[in-house]
Structures are given as C-alpha cells and as structure tokens.
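In this chain, residues are counted from 1 in sequence order. The shown structure was predicted, so the numbers you read here are calculated from the model rather than taken from an experiment.
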Amino acid sequence: MVNLPAVEGGIPVRREMLPYGQQWIDEDDIQSVVGVLKSDFLTTGPQIDKFEKEFANYVGARYAVAVANGTAALHAAAFAAGIGPGDEVITSPITFAASANCILYQGGKPVFADIKESDWNINPDAIKVKLSNRTKAIIPVHYTGLPADLDEINEIARKNSLTVIEDAAHALGAVYRGQTIGGLSHMTIFSFHPVKHITTGEGGMVTTDDTGLYHRLLEFRSHGISRERKSLLRDEGDWYYEMQNLGYNYRLTDIQAALGLSQLTKVDRFLQRRREIAARYIEAFSDIPEISLQVNHDDRESAWHLFVIKLNTGCLRVGRRQVFEALKAENIGVNVHYIPVYLHPYYKGLGHPGGLCPRAEELYSEMITLPLFPKMTPQDETDVIEAVSKVITYYRR
Ligand SMILES: *Cc1c(COP(=O)(O)O)cnc(C)c1O
C-alpha cells in the first residue's frame, strides 16, 4: 500500500509543525535574568565581564568581546582587521548574508570563493585563485557547524599577510584537529540568536588572542571611544575620554549576559543532543540513494547547528521545491540554508554575476535543512525520518 504524502491528500506524519530550530530555556535561565533585573546594573555591569571570561575560557581564547548580535560581531571584527575602502575580502557564498555584509559596512569588496563538493565548506584552492594584491582578509564560515579547512586557510593568510575572521555562528563547541573553534585564527565570531547553540535573545561574541585586536573591538562596540589613559592623546582629567574612531553602540545588556552565562553551563549537553540527533539522521539517510549528505572528517567534530540533505533530483520525479512543500505538508519545519549570497538582488546590483560559484549554486538548488535542536524529542526525530522516507519513496522514479 502506498503511504500517500499529505500534499497529495494523505495524512500528515505530525499534527503540529516542528520548527527547524528553537531555543531551550529553563527556569534557572529565567531566574538568572530576574536576578539582574533586581540588581544595580542592567547594562555594562558585572554579568558582561563574567560572560566574556567564561566564554573565552570555554572556546580556548584569551579574550572575548560581547556585542549586540552576530552581525555586529562580524562588523566589529571587520573594523578591527582594518578592512576599508578598496579592500577585498574572500568569503563563502553558502552563508547568511551577514558574513559578506560586514565587508560592505566597512567599504570593502566581498569576493566569493566556491565551496567544496564534499563538505560544502569554502575551498582553499578557490581562495588561492581569488587572491589579489587588494585582498585583506578571509572570512571562512564553518557551515552547519563543520569546521572549514583552517590549517590551509591560516597558511594562505600567513603567506599573504591576511587576517582570518572565522564565522563560527554555526560552530560553538566544534572541534578542529583536537582544538575547540574560537582561538585558532585572528578572530572568531559567534551568534546567540535563538536558533543557535546558546541564546541571549539577540547577542554575539568575538574571540581573539591578540591584545591589539581586543582593544579595537572594545572601542568599536562603544562609539569608538577610548578611556585607556595610555592611548589618549591628552589628559584633561579623570572625566576625560577620546573618540578616536567611528564606532557604534553594539553593546550587549547585562540582562542578556546573565542569560548567556546560564545557557553556557548547558552547552555541552546541548551539543551532545545535537550530535545524537545528527547521528540518527545519518544512520537513517545513508542508505537512501536519493539523498546525499555533507562529508564529515575524522579530524574534526561538527557542532551540528544545521542538518542539510542534498537531493539527487535526477532520481526523483519532482524537484526540490515539491519535496520541500511535501515535507512542510507533513508538518516538518524544513528550511533552505542558504541562497548563495551573490544571487541576492542587492549583490547582483554590485556586479556579482550569476554562475560565479557553480558548486554553491548546485548545492543550493538541491538542498533542504531538516529540524535539529536539542529540545527535540526522540518522537520528533522519528517523525522527521518517517516524513523524509515517506516523501522520497513516493516521488522516487
Ligand atoms: C546567525 C548567523 C549570523 C548572524 O548572527 P545574528 O546574531 O543573527 O546577527 C552570521 N553568520 C552566520 C553564518 C549565521 O548563521
């Protein structure tokens, strides 16, 4: 008997929509926020300091600077790297627009290097091809939480005196060759949006081992103002400070930092759940010829922010769009990460042509993101697996 997909009039696998990602907030998270609301500082108080120290410690970096969101973290890192008008910065097209937008904020030019067919991360060989004498930095993105080829990328950067800013918005807790992501290049950025590993509502962090970059990040977060006595041009008294650069108000509140601190105590548990769910999906989908999965590496551990399947549409009677609609109708909250950045109208308007990164465009045309978040129940996992099998089986050629 044919198990009819809901989109064809069958009964959906689930009654309620399962989102693709969601936060996990417990009573203790709420209490730590309430504690701050009753305290003297709502912003730039002791919670920020503590959150930064514990976060830096967790990822193995010397410094961490908390900011308003992951995009602000990228912007601050782009500023600290000295990216300015005329500078080219190489990044991946398979990412959220913010990874490239931060280059534009600083007046720089994003240059897109194609991904690898195997693990869907930026290809170091493609980076080399895109180098020019205007190249200033590289922004690799650890797509889905799987670390990109950092040793190769850092080596290209070292040889060409470039700054590396890792976009680790997907990769809190990921491990590359035995080391946690966060202290392995010049700067690394994280996001605390509710779908990410830990949340502060909105929030972000930049980590670095470099004292100079650390001070530039601090300045940028608060209007470009410096109060460090030894960096001031004059000393007019105790009240005196100088705005030496154009910065922003990109500060995180103490209310948010308290939530972040509470969430950080759970990050290993959250990661373990993400890895369990991913392992179950891999087991379930490995034998389905209509599905390809991201290739993992023995020398790295993904943080599994996203679980993406690539459809071998040649083996199906319908395209990605129909499979996506069919999974939605089963009440599985599927998504697509990402539209290659340069295909967005704004980027096209800047002169980036279609067809620029063929591997990225091919992945985009066949990918679907499945739900993956720590609070999912084993039944939720079963529902996703069942819905995918049902839809694929039905549309099989
Ligand atoms: C979420 C995300 C960002 C931006 O983070 P926000 O906190 O939403 O500003 C940047 N890059 C990638 C790859 C992301 O997934």
Report yes or no: does E361 contribute a side-chain atom to a donor-acceptor pair with the main-chain N or O of G354 at less than 3.5 Å?
no
So, does D26 use its side chain to make a donor-acceptor pair with the main chain of D29 at under 3.5 Å?
no
Between the main-chain N or O of H337 and the side-chain N or O of Y143, is there a donor-acceptor pair closer than 3.5 Å?
yes
Compute both the distance and the angle, then confirm whether R317 meets the cation-pi test with Y394: under 6.0 Å from the six-membered ring centre, within 45 degrees of the axis.
yes
Please determine whether the number of non-hydrogen atoms from other residues, nucleotides or ligands lying under 6.0 Å from atom CZ of R396 exceeds 12.
yes
Indicate whether the side chain of D268 and that of Q272 have a donor and an acceptor atom separated by less than 3.5 Å.
no
Under 6.0 Å between ring centres: does that hold for Y176 and H142?
no
Would you check if the side chain of N154 reaches a backbone N or O of L184 as a donor-acceptor pair within less than 3.5 Å?
yes
Between P147 and A174, the two heavy atoms sitting closest are CG-CB, 3.9 Å
Donor-acceptor pair, side chain of Q106 and main chain of G84, under 3.5 angstrom
no
Scanning both residues in full, the closest heavy-atom pair of G108 with I83 reads CA-CG2, 4.3 Å
Around atom CZ of R15, are there more than 12 heavy atoms of other residues, nucleotides or ligands at under 6.0 Å?
no
Hey, can you tell me if H75 and F220 have their rings parallel, tilted or perpendicular (30° and 60° cut-offs)?
perpendicular
Does the distance from a Lys or Arg side-chain N to an Asp or Glu carboxylate O, for D254 and K50, drop under 4.0 Å?
no
If you measure only the distance, is there a donor-acceptor pair under 3.5 Å linking the side chains of E88 and S132?
yes
Any chance you could measure T95, atom OG1, to I115, atom CD1, to the nearest 0.5 Å?
11.5 Å
Looking only at atom types and distance, does a side-chain atom of T208 sit under 3.5 Å from a main-chain N or O of H186, one as donor and one as acceptor?
yes
Does CG belonging to D40 count more than 12 external heavy atoms closer than 6.0 Å?
no
CZ of F285 to CD1 of I385: how many Å apart, nearest 0.5 Å?
5.5 Å
Student check: side-chain heavy atoms of I122 and V141 closer than 4.5 Å
no
Centroid-centroid under 6.0 Å between F192 and F55 rings:
yes
Using a 6.0 Å cut-off, check whether atom CD of E236 has over 12 heavy atoms from anything other than its own residue.
yes
Would you say Y346 has more than 12 foreign heavy atoms packed within less than 6.0 Å of its OH?
no
Can you check whether Q263 reaches F51 side chain to side chain, under 4.5 Å on heavy atoms?
no
Within the distance-only criterion (no hydrogens, no angle test), does the side chain of D49 pair as donor or acceptor with the backbone N or O of P46 below 3.5 angstrom?
no
Of all heavy-atom pairs linking V36 and A258, the shortest is CG2-CB, 3.3 Å
Within a strict 4.5 Å, meaning less than it, do heavy atoms of the I165 and V206 side chains meet?
no
Nearest 0.5 Å, please: how far is CG in L264 from OG1 in T200?
11.5 Å
Hey, is D125 close enough to K116 for a salt bridge, meaning N to O under 4.0 Å?
no
Between K310 and I291, is there a side-chain heavy-atom distance shorter than 4.5 Å?
no
Does CZ in R134 sit with more than 12 non-hydrogen atoms of other residues, nucleotides or ligands closer than 6.0 Å?
no
Answer yes or no: is there an ion pair linking E276 with R273, defined by an N-O contact shorter than 4.0 Å?
yes
Determine yes or no for a side-chain-to-main-chain donor-acceptor pair under 3.5 angstrom, with N245 supplying the side chain and G247 the backbone.
no
Quick check against the 3.5 Å criterion: does N296 have a side-chain atom that pairs as donor or acceptor with the backbone of E301?
no
Geometric class of the Y347/F112 ring pair [parallel <30°, tilted 30-60°, perpendicular >60°]
perpendicular
Report yes or no: is the cationic atom of R274 (NZ for Lys, CZ for Arg) closer than 6.0 Å to the six-membered ring centre of F307, at no more than 45° off its axis?
no
Other residues, nucleotides and ligands only: do more than 12 of their heavy atoms fall within 6.0 Å of NZ on K266?
yes
For I11, does the CD1 atom sit with more than 12 other heavy atoms under 6.0 Å from it, leaving out its own atoms?
no
Shortest non-hydrogen pair, A100 vs P110, comes out as O-CG, 3.9 Å
Nearest-0.5 Å distance, CG of residue L150 to CD of residue Q179:
10.0 Å
Where L252 and G203 come nearest, the two heavy atoms and their spacing
CD1-CA, 3.6 Å
Under a 3.5 Å distance rule, please check whether T207 uses its side chain to pair with a backbone N or O of G182 as donor and acceptor.
yes
Can we say R359 and E362 salt-bridge, meaning some charged N sits less than 4.0 Å from an Asp/Glu carboxylate O?
no
